[in-house]
2 protein chains.
Amino acid sequence: MEEKTTRPGPKRSLSAEQIVTTAMDLFDGETPSIRGVAARLGVRPNTLYTYLPDRAALERALVDRLLAEADPDLLLGRRSWRRRIEDYACSLRTVLLRRRGAAALFHSAPMDGPNAMLVGERLLALFTSAGLSPSDASRATYAVIVHVLGSATLTAADLDGHTEEEVVAARQAVQIDPELLPLTAAAWSTTATWNTETQFRWSLHALLDGCAAR
Amino acid sequence: MEEKTTRPGPKRSLSAEQIVTTAMDLFDGETPSIRGVAARLGVRPNTLYTYLPDRAALERALVDRLLAEADPDLLLGRRSWRRRIEDYACSLRTVLLRRRGAAALFHSAPMDGPNAMLVGERLLALFTSAGLSPSDASRATYAVIVHVLGSATLTAADLDGHTEEEVVAARQAVQIDPELLPLTAAAWSTTATWNTETQFRWSLHALLDGCAAR
DNA sequence: ACCTGAACACCGTTCAAGT
DNA sequence: ACCTGAACACCGTTCAAGT
């Protein structure tokens, strides 16, 4: 009677949770594949279909895990509403950059899991406390989500396993013809740092300024 | 002597341009595949490797075509700098939503083609005209790019072939428990419209406000 | 110089069969 | 109830061979 973990079923050697956990350890530049996860678990690919309807279900579960890994509690506490949003946003960015291929998941899987809803609720609370109407708070919430995911995805693609320093150095080395693209050439030292946390914070800051002004 | 199209080579039945053009017509929810493009051209998959080094090259070419299709000339003219940015941004969003699977391309392929550079230069000019320093103009440019691509990608995933109206109606129908998520429940009528052009314009507007305040 | 046949190492998914 | 063997319909890519 003590070994009933979730349901009576006794023969079950796996679980959906275990599959998702295994998949979380398999990020390496690609989204974990059904066959890859099965191989890691020492099982045939089609075995996973006992626990998951399809690959999309795995992806949705991974999305929710990643949101939790960034620690939604960073949205609580007594720091300013802006600080709390920035802290969670940076944490999520870090999580998505550490697990290569994680950012891309958010663009094929809907964010409707429990952690997504929790993060949404807390962002709404923060924007409401900043004086926004419920409707504007909702719009601001999505604006922040778009920024974090869009930025993390582009940066993940650009890093592609290299460090931030390497990528910035490589971009700095590019020569822009000042005849053809004068402004691009003039601003290139900044443009070379587009995929850094500094840029991420700058644009998030600008976005929050614009939202707060509503 | 009149049939030399680009180079002397006489036997060549294809060209990289033709391959990319064929791929442009093949968007349907997935990124066009090497094998799919080859089949459409009535040729074996490996034939394409005569013209393209790999799939990544095809994707980079498609990204630049899509940027051009949105019409970078919308960034010119005598409308206000904000209007011009919003017009091009909305146009690019429309292009990316019309060609299903197009938005996802931007997250695997670098934006370093001629049209990407042109769009960048023009955005820099607009932000400079708004009073930003070269460095801030560069940061604002990337913030806008992140917003447009992030937003278009999330919306493309959410639409998945359905119309905006259908998706909004489906989200409106979702019931949120006001005990568990009071703010989410209260703001749900707005949250249901996250993937609309109205939301897109709202958050772009907020972002531009924040950038202009620098 | 260009195109192909054949192969390699992958995918997600289905379905009938075994235990 | 769970797992598997075998198969299906796909991928991108390589390489030796044909023209």
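Letters A, B, ... are given to chains in the order of the sequence lines, protein chains preceding strands, and every chain is numbered from 1. Computed from a predicted structure; not experimentally measured.
B:Leu58 places its CG atom 9 Å from the P atom of D:dG12, with the value rounded to the nearest Å. Regarding B:Asn46, its CG atom lies at a distance of 12 Å from the P atom of D:dG12, rounded to whole Å. Counting to the nearest Å, the P atom of C:dA16 and the OH atom of A:Tyr49 are 17 Å from each other. In this structure, A:Arg55 atom CZ and D:dC11 atom C1' are separated by 12 Å, rounded to whole Å. Summarising the geometry, the separation between CD on A:Glu30 and P on C:dC11 is reported as 10 Å, rounded to the nearest angstrom.
Dashed line: the shortest gap from a side-chain N or O of A:Thr50 to OP1 or OP2 of D:dC2 is not under 4.0 Å. Phosphate contact (OP1/OP2 of D:dC2, side-chain N/O of A:Tyr51, threshold under 4.0 Å): absent.
Remark: B:Trp202 pairs with no residue by the ring-ring contact (aromatic ring centres under 6.0 Å, His included) rule, at least two apart or across chains.
Minimum interatomic distance between B:Tyr49 and B:Asp54 (heavy atoms only, all atoms of both residues): CE2-CA, 4.0 Å.
The 5' end of DNA chain D is approached more closely, in terms of each residue's nearest nucleotide, by A:Leu48 than by the other of A:Leu48 and B:Pro45. Across the interface with DNA chain C, nearest-nucleotide mapping of B:Thr47 and A:Ser33 shows B:Thr47 to be the residue nearer the 5′ end.
Between the side chains of B:Glu164 and B:Thr196, not a single donor N or O lies within less than 3.5 Å of an accepting N or O. Between the side chains of B:Ser138 and A:Trp194, a donor-acceptor pair is found at a separation under 3.5 Å.
Between A:Arg65 and A:Glu69, no side-chain nitrogen of the basic residue sits less than 4.0 Å from a carboxylate oxygen of the acidic one, so the salt-bridge criterion is not met. The existence of a salt bridge linking B:Asp25 and B:Arg40 is excluded, since no basic side-chain nitrogen approaches an acidic carboxylate oxygen closer than 4.0 Å. Ion pairing of A:Asp73 with A:Arg122 is present here, as a side-chain N (NZ or NE/NH1/NH2) and a carboxylate O approach within less than 4.0 Å. Under a 4.0 Å N-O distance rule, the pair B:Arg55/B:Glu59 qualifies as a salt bridge.
Against DNA chain D, the stretch residues 34-44 of chain B makes heavy-atom approaches under 4.0 Å through B:Ile34, B:Arg35.
Between D:dC10 and C:dA9, the distance separating the two P atoms is 22 Å to the nearest Å.
Paired runs in DNA chain C that reach 3 or more consecutive Watson-Crick or G-U pairs, where each pair keeps both distances under 3.5 Å, cover C:4-8 with D:12-16, C:12-16 with D:4-8.
Residues A:His107 and B:His107 bring their aromatic ring centres within 6.0 Å.
Within 3.5 Å, no donor on the side chain of B:Asp54 pairs with an acceptor on the base of D:dT13, nor the reverse.
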